[in-house]
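Report on one structure; see the data block that follows.
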Amino acid sequence: MFISQQLRKTNIAEYLLYMWQVEDTIRAFGCSLARIKREYVERFDYTEEQKEELTDWYGHLIRMMNEEGCREAGHLQINKVTMMTLEELHARLLQSPKFPFYNAAYYKVLPFIVELRNRGARKEENEIETCFDALYGVMMLRLQKKPITPNTEHAVKEITTLVGMLNDYYMKDREEPLEF
């Protein structure tokens, strides 16, 4: 919760990846608030008040996951809305002649997006979500200390550049709307 609040203000891309990880953490504990509190929240070096706040936050997320039908898989509506916002900004950036560096970064990443989709990524998902899926997948491999091929490393580097640019434009657009 504390991390998500900070990331939401400073880096929307990292925020979204973090929230996906939170969803998976909740699933790993069987969507049980009692288990999350006992086995996860209690490990943090927080005050009792902070632990209560964090437990309430997880409880709220669990309720939302149950209500939205994403207890087993999928993403919370709040995360889907964030993704849609990024997708819309991505489309506006590509349509505008004012952002040639973003366009160049996109066309460097496009072959990786096509390859990921051919390997089984959901066809209906947006290109930006495909990029986030790739970043999240590699993050999970790293956490599990599994090997990552040089080709995957290269693709992730290019995807990270594009998503980083999108993040920067998102933050700028929030401060003062971009002119397209």
Side-chain angles (χ1 to χ4, degrees), residues 3-28 61 65 68-70 72-180:
I3 294 169
S4 71
Q5 290 172 339
Q6 185 60 32
L7 287 175
R8 183 134 181 103
K9 294 176 195 169
T10 60
N11 191 316
I12 198 67
E14 286 183 12
Y15 164 80
L16 196 52
L17 291 169
Y18 177 77
M19 288 304 296
W20 285 6
Q21 188 176 17
V22 166
E23 291 168 342
D24 281 345
T25 298
I26 290 169
R27 290 182 188 112
L61 292 175
M65 288 173 77
E68 296 175 21
C70 59
E72 302 295 323
H75 299 296
L76 288 166
Q77 194 61 36
I78 55 171
N79 297 330
K80 289 178 182 179
V81 168
T82 301
M83 179 61 71
M84 284 190 299
T85 303
L86 289 173
E87 292 166 356
E88 289 167 4
L89 177 59
H90 167 72
R92 290 187 352 227
L93 290 167
L94 289 179
Q95 291 170 355
S96 173
K98 294 182 178 182
F99 303 95
F101 293 111
Y102 185 82
N103 267 276
Y106 167 72
Y107 284 106
K108 282 179 85 173
V109 169
L110 187 56
F112 302 120
I113 292 170
V114 170
E115 184 177 343
L116 287 165
R117 286 184 168 181
N118 287 339
R119 287 188 178 181
R122 294 168 301 180
K123 303 282 190 246
E124 75 278 359
E125 80 182 5
N126 182 282
E127 294 170 331
I128 295 302
E129 189 168 356
T130 300
C131 291
F132 272 83
D133 283 343
L135 295 176
Y136 188 75
V138 169
M139 184 175 83
M140 291 295 105
L141 288 173
R142 287 185 177 137
L143 285 172
Q144 297 168 20
K145 298 189 184 330
K146 291 186 177 176
I148 299 162
T149 67
N151 287 345
T152 300
E153 286 284 358
H154 175 69
V156 166
K157 181 180 176 209
E158 297 298 338
I159 290 169
T160 300
T161 299
L162 178 71
V163 170
M165 291 175 80
L166 181 60
N167 177 74
D168 291 346
Y169 284 124
Y170 174 88
M171 301 312 277
K172 287 176 185 173
D173 192 44
R174 284 186 64 198
E175 289 173 21
E176 185 176 322
L178 295 172
E179 292 183 27
F180 294 93

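Put simply, the side chain of Leu86 does not reach to within 4.5 Å of the side chain of Glu129, judged on heavy atoms. Inter-residue side-chain proximity for Glu127 and Val109 is flagged as unmet; no heavy-atom pair is nearer than 4.5 Å. When side chains are defined from C-beta on, Tyr106 does not count as touching Ile128, because their heavy atoms never get closer than 4.5 Å. Under the 4.5 Å side-chain criterion, counting only non-hydrogen atoms from C-beta, Arg27 is in contact with Cys70. Residues Phe112 and Leu162 fail the side-chain proximity criterion, which asks for heavy atoms closer than 4.5 Å. Side-chain contact between Met139 and Gln21 is present, with heavy atoms from C-beta onward closer than 4.5 Å. Side-chain contact between Val138 and Thr160 is absent, with no heavy atoms from C-beta onward closer than 4.5 Å. Side chains of Met83 and Asn126 form no contact here, defined as non-hydrogen atoms less than 4.5 Å apart.
A donor-acceptor contact shorter than 3.5 Å is absent between the side chain of Ser96 and the backbone of Arg92. Side chain of Asn167 to main chain of Ala13: a donor-acceptor pair is present (N/O by atom type, distance under 3.5 Å, no hydrogens or angles). Between the side chain of Glu68 and the backbone N or O of Gln77, at least one donor-acceptor pair lies under 3.5 Å. For Glu23 (side chain) and Leu76 (main-chain N/O), a donor-acceptor pair under 3.5 Å exists by modelled atom type.
Here Arg174 pairs with nothing under the salt bridge (charged side-chain N to carboxylate O under 4.0 Å, His left out) rule; sequence neighbours left out. In this view, Thr82 and Arg8 satisfy the side-chain hydrogen bond (donor to acceptor under 3.5 Å, both in side chains) rule, not counting sequence neighbours.
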Residues Asp133, Trp20; criterion side-chain contact (heavy atoms from CB on, under 4.5 Å); working and verdict: CA-CA 10 Å; Asp133 283 343; Trp20 285 6; 3.4 Å; yes
side-chain contact (heavy atoms from CB on, under 4.5 Å) assessment of Asn79 paired with Phe132: CA-CA 12 Å; Asn79 297 330; Phe132 272 83; over 6 Å; no
Derivation and outcome, side-chain contact (heavy atoms from CB on, under 4.5 Å), residues Leu116 and Ile159: CA-CA 12 Å; Leu116 287 165; Ile159 290 169; 4.3 Å; yes
Evaluation steps, side-chain contact (heavy atoms from CB on, under 4.5 Å), between Leu93 and Phe180: CA-CA 7 Å; Leu93 290 167; Phe180 294 93; 3.8 Å; yes
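Atom OG1 in Thr130 sits 12.5 Å away from atom CD in Glu115 (nearest 0.5 Å). In this structure, Asn118 CG and Ile113 CD1 are separated by 12.0 Å, a value rounded to the nearest 0.5 Å. The distance from atom NZ of Lys80 to atom CE of Met84, rounded to the nearest 0.5 Å, is 8.5 Å. Separation of atoms OH (Tyr170) and CD1 (Ile12) is listed at 4.0 Å; rounding is to 0.5 Å.
For Glu153, the CD atom is densely surrounded, since the number of other residues' heavy atoms within 6.0 Å is greater than 12. Other residues, nucleotides and ligands place more than 12 heavy atoms under 6.0 Å from the CD1 atom of Ile78. For Glu176, the CD atom is loosely surrounded, since the number of other residues' heavy atoms within 6.0 Å does not exceed 12.
Aromatic ring centroids of His90 and Tyr102 lie under 6.0 Å apart.
Among all heavy-atom pairs drawn from Ser4 and Tyr15, the shortest one is O-CD1, 3.4 Å. Asn11 and Met171 make their closest contact through N-CE, 4.0 Å (heavy atoms, listed as atom of the first residue, atom of the second, distance).
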